[in-house]
Amino acid sequence: MTSPVPNHKPVLVVDFGAQYAQLIARRVREAHVYSEIVPHTWPAQRMLAKNPAAIILSGGPASVYEAGAPRVDPALFASGVPMLGICYGFQAMAHALGGAVDRAALGEYGSTVVDVVRPGGLLASSPPRQTVWMSHGVAVTEAPEGFEVLAASAGAPVAAFQDRARGLYGVQWHPEVRHTPLGQASLENFLFTEAGLRPDWTPGSIAAEQIEAIRGQVGGARVICGLSGGVDSAVAAALVQRAVGDQLTCVFVDHGLLREGEREQVERDFVAVTGARLVVFDARAAFLEALAGVTDPEAKRKIIGREFIRAFEAAARAAASGGPGQENTGEVKFLVQGTLYPDVVESGGGEGAAVIKSHHNVGGLPADLRFELIEPLRALFKDEVRAVGSELGLPDAMVWRQPFPGPGLGIRIIGEVTEARLETIRRADGIVREELTRAGLDREIWQCPVVLLADVRSVGVQGDSGPTAIRWCCGRSARTTR
């Protein structure tokens, strides 16, 4: 598997069970610094073995006084690695170093004003008062020895502190959320001024490093990629194409559950930009036959997944043989996947993180898979993937395509999947996306699923022509299709 970050020391985000751990890691990445999430259960020796550039202790739901509450390994504080505690991480740092932590006289939840009593360092350039986002019922009431108090609020006598000699910093609030307007500035103060890091995690550096790593892994072997038309597989394939050229064959399975114009976009735009060899496998009839009469959503998912594997295997055999009229090019050794960092973390593969949900491309592949994997996006968040795609010259229509489920329109039809119903939802979805583009909202709306209520009978909103059959959810009016 390709090494995700060959040239970057990570900022480790230690996860104390906060819903914001991924968000903290993303904010660090937005500052062009590489970050990784690790569990609080790791001993200091294991964390330090990753040679971190800095460490951030995340928030969490526990109290430092609860039985079994997460603790920070004291060896971290003596390591010399710059460290920032956020919310629970701030309290855990204070508690471990001899400060006083107690139930707050006033719990603070939501927008809160803090008084900056000593600007500088972590809070350099801060105004005397700033608005932050709080969520705590326990507070630090006395800073550990050697720390200077930077800020206070009505419910937190010590709302921020620092010990610059030891490189230790902390804030009670959440700087990673947009509700703390100056939060990113304080994170960047920590990363650049206090920890001395450089903003060298950029789309260009990511692409260059991955291309080099792919070349080293593949050598002269052949590679295959299942291209879906989505941004993840497109960017992964484009990186591999840059690395090994004609050794890559992209396989596009047309299962008939695609959005309007997707096959044409892949055949035209992707090939034009990358020059990749593309094999299109038409499996529309097989998918419709397998889905005939099936209405249960989970059953449809399983059928679509099974049929896709069969179609991909057939296409891979055709690609290995060179295809009709082409020379046999030999056995394929590597398979490209567009696995992202959240896929790994949420599937429990994020260095010990808890399982949030399983992803088909993390641990869901067959045990007898005969390919070695290439996963050039495994260390990236979705916004980073889009940035790398733009760096590689992929068209905006592909880079900024909304997330689309693997089973496609098959699970956006409530009821049986038929050719007529697919045509209806395909046209409706096309209209919605066209209107979003006209309104300039493509980069503002994360996802806008259009659903066909094919087998639903209920009393609802009725217009001049009867009840609507299409539902979509992006908060703007558009044309409707029945």
Side-chain angles (χ1 to χ4, degrees), residues 224-237 249-271 276-320 323-324 332 335-339 343 359-361 364-366 369 371 397-398 401-430 432-433 447 449-452 454-455:
I224 195 167
C225 176
L227 198 62
S228 69
V231 61
D232 302 337
S233 67
V235 174
T249 298
C250 294
V251 173
F252 182 82
V253 175
D254 185 352
H255 46 48
L257 310 175
L258 301 168
R259 286 174 158 183
E260 190 173 68
E262 285 191 311
R263 174 171 172 172
E264 293 76 14
Q265 182 187 66
V266 171
E267 290 178 307
R268 181 189 65 243
D269 297 341
F270 180 80
V271 173
R277 177 172 178 247
L278 179 67
V279 173
V280 177
F281 191 82
D282 194 331
R284 290 176 291 183
F287 274 79
L288 273 177
E289 182 180 350
L291 289 167
V294 180
T295 59
D296 178 70
E298 187 61 23
K300 287 193 289 186
R301 282 180 178 273
K302 290 179 179 178
I303 290 169
I304 293 168
R306 181 194 70 213
E307 292 299 317
F308 184 85
I309 291 297
R310 288 177 179 171
F312 184 78
E313 288 173 343
R317 288 192 295 271
V332 176
L335 170 66
V336 180
Q337 283 204 145
T339 308
D343 299 341
H359 289 261
H360 68 279
N361 52 352
L365 294 171
L369 183 73
F371 302 115
M398 186 169 285
R401 175 185 185 267
Q402 289 186 7
F404 192 55
L409 297 175
I411 58 165
R412 291 192 172 174
I413 294 174
I414 309 302
E416 183 183 6
V417 178
T418 67
E419 182 59 52
R421 288 172 174 176
L422 282 168
E423 187 57 36
T424 297
I425 192 170
R426 189 175 289 119
R427 184 76 281 270
D429 180 84
V432 170
R433 289 186 292 127
Q447 192 165 18
V450 179
V451 179
L452 176 62
D455 288 343

Please list, chain by chain and in numerical order, all residues satisfying side-chain contact (heavy atoms from CB on, under 4.5 Å) with [X], sequence neighbours excluded.
X    : result
A397 : Q265
I303 : A290, L291, V294, R306, E307
S233 : L227, S228

**Q.** Qualifying residues under ring-ring contact (aromatic ring centres under 6.0 Å, His included), relative to F270, sequence neighbours excluded
**A.** none

**Q.** Pairwise distance CZ(R310) to CZ(F287) - rounded to 0.5 angstrom
**A.** 10.0 Å

Q.
How long is the straight-line distance from CG of L422 back to CZ of R259, given to the nearest 0.5 Å?
A. 14.0 Å

Q) Taking only residues two or more places apart in sequence or in another chain, which ones pass salt bridge (Lys or Arg N to Asp or Glu O under 4.0 Å) with E423? A) R426

For residues 402-409, please give each side-chain donor-acceptor pair under 3.5 Å, one per line with the distance, not counting sequence neighbours.
from : atom 1 : to   : atom 2 : distance (Å)
Q402 : OE1    : C448 : N      : 2.8

Q. Does anything in residues 288-303 pair up under salt bridge (Lys or Arg N to Asp or Glu O under 4.0 Å), and if so which pairs, sequence neighbours excluded?
A. none

Q) Among pairs that include at least one residue of residues 261-271, which meet salt bridge (Lys or Arg N to Asp or Glu O under 4.0 Å), considering only residues two or more places apart or in two chains? A) D254-R263, E262-R401, R263-E267, R263-D282

**Q.** side chain to side chain donor-acceptor pair (under 3.5 Å) partners of residues 403-418, not counting sequence neighbours, each pair once
**A.** none

Q: Sorted by first residue and then second, give each ring pair (Phe, Tyr, Trp, His ring centres under 6.0 Å) pair with at least one member in residues 288-316; sequence neighbours left out.
A: none

